[in-house]
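For the numbers below, each heavy atom of this structure counts, side chains included, while hydrogens, waters and symmetry mates do not.
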Amino acid sequence: MQLSQFQQSYIKISQLINSSRLNESFSLIKSKILRFDSLRPEWEKILALETTYRYLLRFMIDGIEDPSRNNMLEDIREKLFRLNDLILRENLLAESSDSYSTAKRMEILKKSSFETRFNEFKEAFDADKKAAEEKNLEIAEISQSQLQALGNLFNYVWTMFGADSPEYIQIRQALLDPETPDYAKSIIIGAILLGNTHYFDPDALNLLLDIFESPQSIEVRARTIVAISLISIFHSGRLASITSIKSRLLLMKEDPEMKDLFNSIFISLIQTYDTKRITRKMREEVIPELMKIKPEIIEKMRNMASDSEDFLSDINPEWEQLFEESGIQDRLQEINDMQMEGADVMMTTFSNLKGFPFFNQVVNWFLPYIPVHPELTDLSSESNEDAFKRLGLAMCDSDIYSFLLSMKSMPEAQRGMMLNNIEQQMKQAEEVLTSAVGDTDKKKLQREIKHYLQDLYRFFKLFRKRKDFNDPFENPVTADQIRPLIDILGITAETLKIMAEFYFKYKYFEEAAGMFILLDELLPGEVGVWEKTGYCLDKLGRYAEAIEWYRKAEILKPDNQWLNKKLALCYKKAGMLKEALKYYDKALAEDPENYHLLMSAAQSLLDIGEYDEALKKFFHAEYLKPEKKAPKRAIAWTQMLAGNLDKANASFEKLTLAPDPDKADYLNAALSAMASKQFNKALNLYKSFMKLTVNNDYRELMIALKEDNAILKLLGIQTSDIRLIIDKLRYDIAES
């Protein structure tokens, strides 16, 4: 059985469960469980589960009322989902070489448990602590033994899905223990989150909720709430059916602070998703433009060396002119605006600094910044310790490691200058944060959340084996994911509006449309929402749906010119030309000299065979824009279709004799000549067409004639006449 077949079977069973076809689900799952020795303990469980289901069916048929029936069904469905996950994992463990399967096989081989892995870490941690006390060190150094134990602990928790309940109790105790260092707690939380991108683990999510409700540092709380939020979004469909977790989350969101926190995380998530667009803009627009103007700036600096005092005292106005002319100033301002909105503009810079061996291990992407990390010992000193601590104000942990690891290769003098400069900048940043109301715990928590999301984004986008993982940032948060969470997490209409407007602003029309539709369910009657929904669907080419939303808006804004134009265009693109013309007429009544409206309306008239009316509008458009060729071509074409061949031939002749005629002008003129039985003229026009092709490419001509087959029939042009003309063309060109 191939790997893809495992996944197809998994998807099939998942679809059956989702469709409440549980009898078939039980049959398929039972047929697969006994293939794996590791799943034999699950056999009795599924038999008992199916017995429960059969009793439930019998009671329903017998007419016995059971208020708990829906909850029981949800529980059965979730347990079937879990068994399906376990079967998929066992299949992958047997066949796959992906990172998860490799790590899990190692843990099975070593017969690991959370208790053994955590005890290994504690022993190494205590040994380092004791060594620090003997050396009178305020902060214990981290040994390679402790790092190894941390990595092993991470791998076990990451791949622990399917573990027994006592293990979750042990993890809870470890995370609640004030003696467990925050970086170890962060590693465990990160491992739980990563594991849930592979397989949904309700027990682990319950555990995270326990930790968030307990006294923890801001750093640990930030990681915990981000993990809860991402898991909830990633598995929103299943989460909504787990009563125990749903009840806890409903209780949490009753706290206004928690409700605000969940809403702010959703907004941060869409900003994180937009990093892809910002990174592309930096790489494709800003940096290339800077590289282009760099030599010119250097040259100007050289030319002004004699005026160094003036140069030092003022900014050179020529530089500003250079920036304005290049357009780079506008782009830099846009990047600055995005940064002010919370966008991650540092991704481009630090993506090139993830090649250090440090980043080859999964665990290190989830490791908080630790000043005493062995990889950073060469940089540690009392003089720069404060500067390093302040880096967290501006950078996520992953970028701090990148930055400091890159500094290790610098000469000492250069490193010192850079550190001094950074310390000054970080002091200024700290002063800004602590001014006014101060850097409150709430602000610190929001900053940690933002940075942790950036850490996660970098892992899923930059880790060398990133294809082994299910990237939660691959696609933006959608309305379908949010809908089950609105009540559970207390997602407000205001948050949905911010998300919808964000997607709309940056042209994520698919996601924006979904958000606006969801917003309309919560706050019906907002005409602006209807208009923007229609606009998004219009941009996506879903014209029939767009028309529905534009028509809703039209009820409240019956004579709106923008709506008239949009409805006209959508009806036209949907092929409903008579309806389109009604709205073109309404729009032209308000704006009779609008060239684009005239051309579009005329085209619709042409398409339904209203040639005289079409010509009137095409002539009007030509009068307004005499320099444009489009109306002239449209007039000639309409005259030809209307049977006014003398006028059509004259109009086409003007086009072919004008400067720079298009290939299409010769083709269309030839059709008109053929329809008029002016075969010699048609032959010469085809010759002119061929001169504009590359190496007399007849294929281009034949394709064009094939596309015009319906027109040929309409004009009464015989296919045999076309073939004779083409053969004559071939002889003439060959002999010339």
Student: Looking at Phe262 and Leu249, what are the two nearest heavy atoms and their distance?
Tutor: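 Taking Phe262 first and Leu249 second, the nearest heavy atoms are CZ-CD2, 4.2 Å.
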Student: Hey, are Lys129 and Asp126 close enough for a salt bridge, meaning a charged N less than 4.0 Å from a carboxylate O?
Tutor: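 Not counted as a salt bridge, because no side-chain N and carboxylate O are separated by less than 4.0 Å.
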Student: Keeping Ser101 on the side-chain end and Asp98 on the backbone end, is there a donor-acceptor pair under 3.5 Å?
Tutor: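 No, the answer is negative, given that no donor and acceptor are paired below the 3.5 Å cut-off.
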Student: May I ask you to decide if the ring planes of Phe469 and Trp158 are parallel, tilted or perpendicular, using 30° and 60° as cut-offs?
Tutor: parallel
Student: Main chain of Phe212, side chain of Thr224: is a donor-acceptor contact present, judged purely on distance under 3.5 Å?
Tutor: no
Student: Please give me the minimum heavy-atom distance between Thr533 and Ala513, naming the atom from each residue.
Tutor: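 Shortest heavy-atom separation between Thr533 and Ala513 comes out as CG2-O, 4.4 Å.
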Student: Does a salt bridge link Arg82 with Asp203, judged by any charged N lying under 4.0 Å from a carboxylate O?
Tutor: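 Salt bridge flag = no for Asp203 with Arg82.
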Student: Is there side-chain contact between Pro374 and Leu147, with at least one heavy-atom pair below 4.5 Å?
Tutor: yes
Student: Are the charged groups of Glu120 and Arg117 less than 4.0 angstrom apart, N to O?
Tutor: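 Yes, Glu120 and Arg117 are salt-bridged.
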Student: Sort out for me which residue in Tyr503, Tyr508, Phe502 forms a ring-ring contact (aromatic ring centres under 6.0 Å, His included) with Tyr506.
Tutor: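 For Tyr506, the ring-ring contact (aromatic ring centres under 6.0 Å, His included) test succeeds with only one of Tyr503, Tyr508, Phe502, which is Phe502.
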Student: Is any side-chain heavy atom of Ser9 closer than 4.5 Å to one of Gln5?
Tutor: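 No, too far: nothing below the 4.5 Å cut-off.
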Student: So, does Trp365 use its side chain to make a donor-acceptor pair with the main chain of Phe359 at under 3.5 Å?
Tutor: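 Pair found, side chain donor or acceptor close to backbone of Phe359.
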Student: Any side-chain heavy atom of Gln271 sitting closer than 4.5 Å to one from Lys450?
Tutor: no
Student: For a quick test of reading the model, state the closest non-hydrogen atom pair linking Leu269 to Phe473 and the distance between them.
Tutor: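 Result for this residue pair: CD2-CE2, 4.0 Å.
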Student: Step by step, would you call Leu376 with Leu405 a side-chain contact (heavy atoms from CB on, under 4.5 Å)?
Tutor: CA-CA 7 Å; Leu376 308 177; Leu405 289 169; 4.2 Å; yes
Student: Is the backbone of Asn71 close enough, under 3.5 Å, to the side chain of Ser68 for a donor and an acceptor to pair up by distance?
Tutor: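 Flag not set: sc Ser68 to bb Asn71 has no pair under 3.5 Å.
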Student: I'd like to know if the side chain of Asp468 and the backbone of Ser99 have a donor-acceptor N/O pair within less than 3.5 Å.
Tutor: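 Looks like yes, one N/O pair under 3.5 Å.
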Student: Assign the ring pair Phe114 / Phe118 to parallel, tilted or perpendicular, where the plane angle (0 to 90°) is split at 30° and 60°.
Tutor: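 Parallel.
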Student: In terms of side-chain geometry, is the basic nitrogen of Lys79 or Asp75 positioned less than 4.0 Å from the acidic oxygen of its partner?
Tutor: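 Result for this pair is yes, salt bridge flagged.
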Student: State whether Arg221 and Glu213 are salt-bridged, where the test is any N-O pair (Lys NZ or Arg NE/NH1/NH2 against Asp/Glu carboxylate O) under 4.0 Å.
Tutor: no
Student: Can any side-chain N or O of Asn155 pair as donor or acceptor with the backbone N or O of Ala103 at less than 3.5 Å?
Tutor: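 Not at all, since once roles are kept as given, no pair shorter than 3.5 Å links the two residues.
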Student: Is there side-chain contact between Arg483 and Leu518, with at least one heavy-atom pair below 4.5 Å?
Tutor: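 Counting from C-beta outward, Arg483 and Leu518 do come under 4.5 Å.
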Student: Measure from the side-chain N and O atoms of Arg238 to the backbone N and O of Pro202, and report whether any donor-acceptor pair falls under 3.5 Å.
Tutor: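 The answer is no, because no donor-acceptor pair under 3.5 Å joins these two groups.
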Student: Given ring-ring contact (aromatic ring centres under 6.0 Å, His included), test Phe200 with Phe81 step by step and report yes or no.
Tutor: CA-CA 9 Å; Phe200 180 42; Phe81 274 126; 9.2 Å; no
Student: Tell me whether the rings of Phe161 and Tyr199 are parallel (<30°), tilted (30 to 60°) or perpendicular (>60°).
Tutor: parallel
Student: When you look at Leu523 and Leu496, which way does the side-chain contact (heavy atoms from CB on, under 4.5 Å) test go after all the steps?
Tutor: CA-CA 11 Å; Leu523 292 177; Leu496 291 177; over 6 Å; no
Student: For the atom pair OG1 (Thr197) and CG (Leu456), what is the distance rounded to the nearest 0.5 Å?
Tutor: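 Result: 10.0 Å between the selected atoms.
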Student: Could you report the tightest heavy-atom contact between Thr180 and Ala174, atom names first, then the distance?
Tutor: OG1-O, 2.8 Å
Student: Could you check whether any side-chain heavy atom of Lys442 comes within less than 4.5 Å of a side-chain heavy atom of Gln446, counting everything from C-beta outward?
Tutor: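 They are in contact (side-chain heavy atoms under 4.5 Å apart), so the answer is yes.
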Student: Which pair of non-hydrogen atoms, one from Ile188 and one from Val157, has the smallest distance, and what is that distance?
Tutor: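 The answer is O-CG1, 3.8 Å.
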Student: For residues Asp397 and Arg223, report the shortest heavy-atom separation together with the two atoms involved.
Tutor: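 Of all heavy-atom pairs spanning Asp397 and Arg223, the closest is OD2-NH2, 2.6 Å.
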Student: Is a donor from one side chain sitting under 3.5 angstrom from an acceptor on the other, for Ser398 and Lys354?
Tutor: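 Checked: Ser398/Lys354 side chains pair up, N/O donor to acceptor below 3.5 Å.
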Student: Using a 4.5 Å cut-off on heavy atoms from C-beta on, say whether the side chain of Met499 contacts that of Ile482.
Tutor: yes
Student: Checking the side chain of Asn91 only, and the main-chain atoms of Ile87 only, is there a donor and an acceptor separated by less than 3.5 Å?
Tutor: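 Confirmed, Asn91 side chain pairs with Ile87 backbone.
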Student: Between the side chains of Tyr168 and Asp201, is a donor N or O closer than 3.5 angstrom to an acceptor N or O?
Tutor: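 Yes, because at least one side-chain N or O of Tyr168 sits under 3.5 Å from a partner of the opposite role on Asp201.
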Student: Looking at Arg458 and Asp399, is any side-chain nitrogen of the basic one under 4.0 Å from a carboxylate oxygen of the acidic one?
Tutor: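 Looking at Asp399 and Arg458, the cut-off is met.
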Student: Using side-chain hydrogen bond (donor to acceptor under 3.5 Å, both in side chains), reason through Ser113 and Glu115 one step at a time and then give a plain yes or no.
Tutor: CA-CA 5 Å; Ser113 66; Glu115 185 177 18; 5.0 Å; no
Student: For the side chain of Asn263 and the backbone of Gly490, is there at least one donor-acceptor N/O pair under 3.5 Å apart?
Tutor: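 At least one qualifying donor-acceptor pair exists.
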Student: Within a strict 4.5 Å, meaning less than it, do heavy atoms of the Leu92 and Lys104 side chains meet?
Tutor: no
Student: Is there a side-chain contact between Glu375 and Tyr401 in this structure, where contact means two heavy atoms from C-beta onward sitting under 4.5 Å apart?
Tutor: no
Student: Parallel, tilted or perpendicular: which fits the ring planes of Phe366 and Phe154, with parallel below 30° and perpendicular above 60°?
Tutor: tilted
Student: Could you give the distance from CG (Leu47) to OG1 (Thr52), rounded to the nearest 0.5 Å?
Tutor: 11.0 Å
